[in-house]
2 protein chains.
Amino acid sequence: MDLHSTILGLLSWKPFSGYDLKGIISDSNLFYWSGNNNQIYKVLLELQRDGLVSFEVQQQQSLPAKKIYSINDQGRAVLRQSLLQKPQVSDWPKSFLIQLAWSDCLTDDEVLDLLNFYEQELISHLSLLQGEAERRENSPHRTAREAYLWRRIADNFILATQTELQWTSETRKAISEGNL
Amino acid sequence: MDLHSTILGLLSWKPFSGYDLKGIISDSNLFYWSGNNNQIYKVLLELQRDGLVSFEVQQQQSLPAKKIYSINDQGRAVLRQSLLQKPQVSDWPKSFLIQLAWSDCLTDDEVLDLLNFYEQELISHLSLLQGEAERRENSPHRTAREAYLWRRIADNFILATQTELQWTSETRKAISEGNL
DNA sequence: ACCACCATGTAAGTTGTTACATGATTTG
DNA sequence: CAAATCATGTAACAACTTACATGGTGGT
């Protein structure tokens with residue numbers, strides 16, 4: 001699942017402009033790309049060149065014109081293929097763990113400060129995720145199954161963060177109490 | 001925590017050749033880079049140019065010579081700074097969730113196949129992680145704290161995978177039973 | 001004979017990031 | 001009057017990947 005498929009997926013939900021996509025991608029936890037202009041506009045041009053999407057220019061009074069991109073049948077077919085790829089487990093960068101791995105360079109207090117800070121970050125991240133999950137404005141609900149899966153996706157982030165939080169607080173307690 | 005810091009960290013454990021580092025990095029879950037030659041040898045040259053590491057050539061009979069890299073005090077100082085960076089929560093890419101997000105393009109059976117496959121992948125990944133955690137050869141244990149933290153790091157991967165597995169099997173059950 | 005391992009490195013390409021450029025409009 | 005928002009795009013750079021090049025050794 002790369003940015004091409006991500007954008008095709010979003011367009012399979014509804015038509016968007018490049019600017020819309022940029023906002024959605026950079027705001028969401030799920031679509032993790034930075035949402036920088038360069039890539040999104042480039043990918044849209046490529047998708048159009050490959051005949052998977054098309055756009056209509058929508059003029060606006062007192063605002064710049066938009067290019068509203070829509071997916072076509074060929075785009076939907078390509079998307080379908082990428083959705084059917086064998087899913088693989090992705091163990092990805094947990095840079096905090098690398099920090100802890102070389103903690104022999106740090107004092108006990110410095111390690112505890114790191115753990116405390118990370119714990120606080122997780123707590124505020126968690127409440128952010130929970131807030132988003134309750135609001136739930138920007139998710140598609142074309143079928144009951146889709147609505148259910150989008151709830152489950154939000155839950156996945158929350159569960160992962162809760163697990164990480166519990167791990168962190170246990171680790172912090174063990175370090176601070178010297179129970180190694 | 002980028003590749004530079006990762007390599008400095010490994011060298012702060014013990015001296016390694018580029019080839020050693022390549023093996024360690026590509027084998028480990030923690031150091032997630034692909035461990036391709038190009039980057040590792042390039043980073044080693046940069047670290048040496050910046051005066052953070054040095055190397056000795058070690059001749060071997062019937063095998064090519066090695067460059068054994070060692071970290072110096074300046075390197076340790078730079079590493080320390082990067083270890084003291086404020087840790088940030090990384091919501092890393094879960095491409096499987098993006099696949100599920102656009103499942104409206106797929107049939108119920110196709111979604112179930114994906115969930116089943118992913119579940120099996122997680123199960124085998126989990127037993128791999130657990131096996132590694134039991135063997136535990138390649139971890140430093142200069143202090144009790146370091147040994148403890150390396151155990152906890154391994155636990156972190158296991159816990160995260162268990163959480164993901166439970167989430168997946170619950171989701172699969174709900175979809176297969178139609179409890180949306 | 002062929003493949004994998006050891007060991008270093010380079011070339012060519014893709015992908016991703018930050019920052020810039022333009023220019024009207026709205027908000028503080 | 002500075003700033004953020006809307007909207008498109010480009011330039012320059014950094015990071016990462018795959019594949020190639022060399023060449024001896026050891027296993028099947």
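Since we're looking at a predicted model, the values are computed, not measured. Proteins get letters first, then strands, A, B, ... in listed order; numbering begins at 1 in each.
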The reported gap from OH in B/Tyr118 to CD in A/Gln88 (rounded to nearest 0.5 angstrom) is 10.0 Å
The nucleotide from C/dT25, C/dG23, D/dG23 with an atom nearest the side chain of B/Pro64 is D/dG23
Separation of C/dG16 atom P from B/Asp2 atom CG, nearest Å, is 18 Å
*Audit row: B/Thr161, A/Val89, side-chain contact (heavy atoms from CB on, under 4.5 Å) steps and yes/no*: CA-CA 9 Å; B/Thr161 307; A/Val89 178; 5.5 Å; no
Is it the case that atom CD in B/Gln166 sees more than 12 heavy atoms from other parts of the structure closer than 6.0 Å?
no
Between OH of A/Tyr19 and P of C/dA24 the distance, given in whole Å, is 17 Å
Whole-Å distance, A/Ile24 CD1 to D/dC6 P, equals 12 Å
Looking at A/Gln60, I'd like to know whether one of its side-chain N or O atoms comes within less than 4.0 Å of OP1 or OP2 on D/dA7. yes
When rounded to whole Å, the CG to C1' distance for the pair B/Leu44 and C/dA7 reads 13 Å
To the nearest angstrom, the NE2-P distance between A/His4 and C/dT14 comes to 11 Å
Can you say whether a donor on the side chain of A/Asn37 sits under 3.5 Å from an acceptor on the base of D/dT8, or the other way round? yes
To the nearest angstrom, the CZ-C1' distance between A/Phe55 and D/dG9 comes to 13 Å
DNA chain C nearest-nucleotide lookup for B/Asn38 and A/Lys42: closer to the 5′ end is B/Asn38
- Ring-face cation contact, A/Tyr19 with A/Lys66, 6.0 Å cut, 45° max: no
In whole angstroms, the gap separating C1' of D/dA7 from NZ of A/Lys67 amounts to 11 Å
Problem - Flag, side chain of B/Asp113 to backbone of B/Glu110, donor-acceptor distance under 3.5 Å - result: no
Exercise for the section: Using only side-chain N and O atoms of A/Gln39, determine if any of them is under 4.0 Å from OP1 or OP2 of C/dT15. Expected result: no
Does a nitrogen or oxygen in the side chain of A/Tyr41 sit under 4.0 Å from OP1 or OP2 of D/dT8?
yes
Atom CG of B/Asn36 and atom C1' of D/dC16 are separated, to the nearest Å, by 7 Å
Next on the checklist: Any side-chain N or O of B/Ser34 below 4.0 angstrom from OP1/OP2 of D/dT17?
Outcome noted: yes
